[in-house]
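Okay, structure first, notes after.
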Amino acid sequence: MTAAQFKAMPDQGPAYLIGDTWSTESDLPAMAVINPATGERLYDVPCCGPDHVSRALEHAQQGFTVWSATPGWQRAQVLRRIAEEIIRRRADFGRAIATEMGRVQAMAVGEAESAAGHFIWMAGEAERLYGQAIPSRFGGDLTITPEPVGIVAAFSPWNFPLSLPARKLAPALAAGCAVILRPSEQTPMVGSLLGECCLAAGLPAGVVQILQGDPIGVSPALLASDEVRKISFTGSTRVGRLLMEQSAQTVKRVSMELGGHAPLIVCADADIPAAARLTARGKFMNSGQVCGSPSRFLLHESIAAEFTEVFLEEALALRLGDPMDPATTMGPLASPAQLDKLETLVADAVRRGAVLRLGGGRAKDQARGFFFEPTVLEDVPEDARIMREEPFGPVAPLATFTDLGDAIRRANDTEYGLAAYAFTRSAATARRLSAELQSGMVGINNFMLAHAEAPFSGVKHSGIGIEGGQMAIREYLNFKTTHTVLEVPAA
Ligand code: NAD
C-alpha cells in the first residue's frame with residue numbers, strides 16, 4: 001500500500017509504515033486491540049518482526065542521509081506542518097484515543113493540542129541550532145558543532161498515546177535524526193495517525209517509520225543493531241532497566257521516562273477546599289493512569305478531615321461511562337490486568353489498617369469494560385504496598401503528618417522521583433519544598449507539570465534525560481569538538 005492508498009481512520013485497522021509504504025502484511029500472528037469501555041475487539045494490529053526491522057533500518061539510513069543534510073530552517077517548517085496536521089485531525093485522534101485506551105473524548109482531543117505544542121516548540125530549537133567558537137589557549141580555531149546522533153528507536157506507552165511519542169519525535173526530528181517509532185500495541189491507530197501526519201507534512205521517506213505490534217517482535221533487533229544510536233523509552237521502570245541493559249551491548253545513548261509515585265503534601269495554611277477540588281481533578285484524570293499522578297497524600301492533621309470530605313464529594317460526583325459520551329467524566333482502565341492489581345493493593349492496605357472511605361473495586365454499575373471505582377483510602381500506614389508501588393489507577397491513599405520535615409522525609413522515602421506536589425500559601429514553605437523534595441518536577445498549588453517549553457524528567461529510578469523545553473534537543477545531539485591549527489606545531 002502506498003501512502004495514497006492507506007487512510008488511517010479511527011474504527012478501522014491500523015497499519016505499519018516502512019519507508020513511505022503502509023502495510024498490514026506479516027507472517028507473525030496479529031494481536032487484538034480491545035476497547036476497554038466494552039471489552040470488545042476493535043480490530044487487529046499487525047505484528048512486525050526482525051525482517052521488518054531490517055527493512056526499516058535500510059530506509060532509516062536513507063532518510064537520515066537526506067534529513068540530517070536538510071538545513072534546520074527547513075526542518076522547522078516541516079515540524080510546524082506536522083503540528084498543523086495533528087490539529088487538523090484532532091477529532092480523529094480524540095476518537096482513536098477514546099476507543100483504544102478509554103480516555104474521555106473531550107480530554108483526548110486536548111492531547112492533540114499538547115502534542116502539536118512539542119512540534120511547534122522544537123521547530124524553534126531547530127532554527128536556533130548552531131555551534132560555538134571557543135577562544136583556544138593553544139591558538140587556532142576551536143569549534144563545537146552539534147550533529148544528530150543518528151537513527152533513534154522510540155518506544156511509547158498507551159496512557160498518552162499521542163503526546164508521549166510527540167515528545168520524542170519532535171526533538172529527534174529537530175536535531176536531524178531518523179526515528180523508528182514503536183507505539184503501544186494497545187494504541188496502534190494513534191500511531192498510524194501520527195505517521196500519516198508526518199508524511200502529509202512532507203517529511204521525507206524513512207525519516208519517521210512506525211513498527212506495530214508485540215514489542216518483543218521488534219525491540220531485540222532494534223536494540224542489537226549498531227545502526228540505532230539512541231533509544232528513547234517511556235514506560236515502567238522494570239522495562240526501562242531491561243532496555244538499558246540491552247543498550248549497553250552497543251553503547252547506545254538512552255532517554256528513559258519511567259514510573260513515578262508522586263507525593264502530595266497539603267500544609268495547614270493551604271486553601272483547603274480549593275486544594276481538595278483541584279487534587280480530585282488531578283488524581284482522577286485519565287482514571288489515574290498518569291505517570292505524574294498524585295498517589296501518596298500527606299495531609300497536615302489539622303486540615304485532614306476538611307480536605308478528605310471535599311475530596312470525597314468530588315470523587316462521588318465523577319460519572320463513569322462510555323468515553324465517547326460527553327456526560328462521562330471518568331473512563332475505564334486501559335486493561336483488565338490493572339483491575340486485578342488495584343484490587344490487590346486496596347486489599348493489602350485495608351488488611352494493614354487503612355480505612356476504605358469510597359470505592360475499592362470494579363465498578364458495579366458498569367456491565368462491561370474495565371471500570372474501577374474512584375477509591376479513597378484513609379489512615380493508610382507507611383508499610384502498605386500502595387505507599388511504595390505505583391498504583392496507576394484511580395486510588396487515593398491518604399495519611400496525616402504533624403511536622404513538615406517528617407512529611408518531606410516520607411515523601412522522599414521511595415525509589416521514584418518523577419513529580420511531587422504541595423499546597424501552601426507560604427512562599428518560604430514553597431521554596432523549602434521545592435529544594436528538599438527529591439523529584440524532577442514540583443508542582444506548588446497546581447498539577448500542571450507537562451509543558452512543551454519546560455523539561456519533563458525524573459530523578460532516581462524515574463528516569464534519565466529530559467523531554468520538553470530548550471534542553472531536550474541535546475538528548476538527540478552529539479557535540480563534535482574540532483581544533484584546527486593551520487601550521488603543524490613543532491613537536
Ligand atoms: P510498560 O513498561 O509495561 O510498557 C510501556 C511500553 O513499552 C508499552 O508500549 C509496551 O508495549 C512497551 N514494552 C514492553 N516491553 C518492551 C520491550 N521489551 N521492549 C520495548 N518495548 C516494550 O508500562 P505500562 O504499564 O504499559 O505503562 C505505564 C508505566 O509507564 C507506568 O510505570 C508509568 O509511570 C510509566 N510512564 C512514565 C512516563 C514518564 O514520562 N515518566 C509517562 C507515561 C507513563
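In each ligand, atom 1 is the first atom listed, and ligand 1 is the first ligand listed. Just so you know, these numbers come straight off a predicted model, no measurement behind them.
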Report task. Taking only heavy atoms of S156 into account, list the atoms of ligand 1 that are under 4.0 Å away from them. Result -> 9 (O)
Report task. Please write down residue, atom name and distance for the protein heavy atom closest to atom 21 (N) of ligand 1. Result -> P215 CB, 3.5 Å
Report task. Would you mind listing which atoms of ligand 1 come within a distance below 4.0 Å of any non-hydrogen atom of S184? Result -> 9 (O)
Query raised in the report: For the rings on F307 and F423, is their centre-to-centre separation under 6.0 Å?
Result: no
Report task. Could you tell me which atoms of ligand 1, counted from 1 in the order shown, lie closer than 4.0 angstrom to a heavy atom of W158? Result -> 24 (P), 26 (O), 27 (O)
Query raised in the report: Only one of L164, L162, D92 clears side chain to side chain contact (heavy atoms under 4.5 Å, CB included) with V190; which?
Result: L162
**Report entry** Numbering as shown, the atoms of ligand 1 that approach L418 to under 4.0 Å (heavy-atom distance)
**Finding:** 41 (N)
Requested in this report: Please indicate, with yes or no, if any protein heavy atom is found under 4.0 Å from atom 30 (O) of ligand 1?
Outcome: yes
Query raised in the report: Does I464 reach the side chain of L258, with side-chain heavy atoms less than 4.5 Å apart?
Result: no
Report task. Look up atom CG in L333 and atom CZ in R362, then write down how far apart they are to the nearest 0.5 Å. Result -> 9.5 Å
Report task. Using a strict cut-off of 4.0 Å, indicate which atoms of ligand 1 neighbour a heavy atom of F456. Result -> 40 (O)
Query - side chain to side chain donor-acceptor pair (under 3.5 Å) against S192, all qualifying residues, sequence neighbours excluded - result: Q212
Query raised in the report: Identify the closest protein heavy atom to atom 34 (O) of ligand 1: which residue and atom is it, and at what distance?
Result: E390 OE2, 2.5 Å
Query raised in the report: Can you tell which part of Q186 has a heavy atom less than 4.0 Å from ligand 1: side chain, backbone, both or neither?
Result: neither
Report task. Please determine if R103 and E111 form a salt bridge, counting it only when a charged side-chain N lies under 4.0 Å from a carboxylate O. Result -> yes
Report task. Go through ligand 1 atom by atom and flag the ones less than 4.0 Å from a non-hydrogen atom of I216. Result -> 18 (N)
Requested in this report: Describe, in one word, how the ring planes of F447 and Y421 are oriented to each other, choosing from parallel (under 30°), tilted (30 to 60°) and perpendicular (over 60°).
Outcome: tilted
Report task. Do me a favour and list the nearest non-hydrogen protein atom to atom 35 (C) of ligand 1 with residue, atom name and distance? Result -> G235 O, 3.2 Å
Query - Options F233, F392, F155, ranked by nearest heavy atom to atom 7 (O) of ligand 1, top entry - result: F233
